[in-house]
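The structure under discussion appears below in the form of structure tokens.
Heads up: numbering here begins at 1 and tracks the sequence.
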Amino acid sequence: YPTWKRTLARRARESQMKRFCRAQAIQRRLEEIEVTFRELEQQGIKLEKLLRDENESPADQQTQWTNQLLYLVQKKNNLMTEESDLMIAVQELKLEEQQCQLDEKLRSYINTEDTLKTPEHEKAEQEILKQLVEVVNKRNVLIQLQEERRLSEL
């Protein structure tokens, strides 16, 4: 088993573990965001009730409640933006994983001796190459989307 093949296999395992760890971190953060959403929703409901029911309370108290409510809405919008970014990151991880798998398949076809290749091998190699280009294009679209969103936020 040549050294370069072992190196490629090791690097593939390492990148797979990195993707797995990133996916876990993203999943944890999405769960945290969900919990925070619920908490913000409950706080918002309480503030709305206070604003509706307490018509006799001082104007400065109502202003304070309104400001708190607006702060909660802003916080919720920020979380929604982060959640959207994380969902894009999840899609990117899936495409990255798909690209690695296609790379491995393509390498196995490319490393086959030319004398042993059949027309089916060459056809499969071309199909994998086509799929690989599609995955790379999809990843590029996601990156462009993230860049556009980042620029629009600035």
CA sep, side-chain torsions, deciding dist, call: R28, E31, salt bridge (Lys or Arg N to Asp or Glu O under 4.0 Å): CA-CA 5 Å; R28 275 194 303 275; E31 290 169 1; over 6 Å; no
Using the rule given for side chain to side chain contact (heavy atoms under 4.5 Å, CB included), can you reason through Q64 versus Q61, listing the C-alpha separation, both sets of side-chain angles and the distance that settles it, and then say yes or no? CA-CA 5 Å; Q64 183 181 4; Q61 181 68 43; 3.9 Å; yes
Would K138 and E92 count as a side chain to side chain contact (heavy atoms under 4.5 Å, CB included) if you check the C-alpha gap in whole Å, the side-chain angles of each, and the deciding distance to 0.1 Å? CA-CA 9 Å; K138 286 178 184 177; E92 193 173 348; over 6 Å; no
Could you go through the salt bridge (Lys or Arg N to Asp or Glu O under 4.0 Å) check for R22 and E96 one step at a time? CA-CA 12 Å; R22 278 194 344 216; E96 201 174 312; 3.2 Å; yes
Side chain to side chain contact (heavy atoms under 4.5 Å, CB included) evaluation trace for E127 with Q131: CA-CA 6 Å; E127 182 62 32; Q131 289 174 358; 3.6 Å; yes
Candidate pair L86 and I33, rule side chain to side chain contact (heavy atoms under 4.5 Å, CB included), full reasoning: CA-CA 10 Å; L86 290 173; I33 288 173; 3.8 Å; yes
Kindly indicate, with the supporting measurements, whether the criterion side chain to side chain donor-acceptor pair (under 3.5 Å) is fulfilled by E39 and Q43. CA-CA 6 Å; E39 291 170 358; Q43 291 173 6; 5.7 Å; no
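With respect to R10 and E14, a salt bridge is recorded, a charged nitrogen being found less than 4.0 Å from a carboxylate O. Classification of E34 and R29 as a salt-bridged pair fails, no side-chain N sitting under 4.0 Å from a carboxylate O.
Partners of R149 according to the side chain to side chain donor-acceptor pair (under 3.5 Å) rule, which considers only residues two or more places apart in sequence or in another chain, are S84, D85.
Legend: salt bridge (Lys or Arg N to Asp or Glu O under 4.0 Å) pairs involving residues 104-115, not counting sequence neighbours, sorted by first then second residue: D114-K117.
The closest side-chain donor-acceptor pair between Q144 and E148, if any, does not fall under 3.5 angstrom.
The CD1 atom of I128 sits 10.0 Å away from the CD atom of Q126 when rounded to the nearest 0.5 Å. The NZ atom of K76 lies 10.5 Å from the CD atom of E83; values are rounded to the nearest 0.5 Å. Atom-to-atom distance recorded for L79:CG and L72:CG is 10.5 Å, nearest 0.5 angstrom. Here the CD atom belonging to E48 is positioned 10.5 Å from the OG1 atom belonging to T66, to the nearest 0.5 angstrom. For the atom pair NZ (K75) and CG (L70), the distance works out to 14.5 Å, reported to the nearest 0.5 Å. Here I88 contributes atom CD1 and L145 contributes atom CG; the two are 4.0 Å apart, rounded to the nearest 0.5 Å.
By the 4.5 Å heavy-atom criterion applied to side chains, E134 and K130 are counted as neighbours. Counting heavy atoms from C-beta on, the side chains of E122 and T118 never come closer than 4.5 Å. By the 4.5 Å heavy-atom criterion applied to side chains, V141 and N137 are not counted as neighbours.
The hydrophobic clustering, which links ILVMFWY residues whose side-chain heavy atoms are closer than 4.5 Å, places M87 and F20 apart. L93 and V135 are not part of a single hydrophobic cluster, where members link through side-chain heavy atoms under 4.5 Å apart. The hydrophobic cluster containing V73 does not contain M80, counting ILVMFWY residues as joined when their side-chain heavy atoms lie under 4.5 angstrom apart, directly or transitively.
Nearest approach of L142 to L95, heavy atoms of both residues: CD1-CD1, 3.6 Å. Nearest heavy-atom pair, L47 versus L69, reported as atom, atom and distance to 0.1 Å: CD1-N, 3.7 Å.
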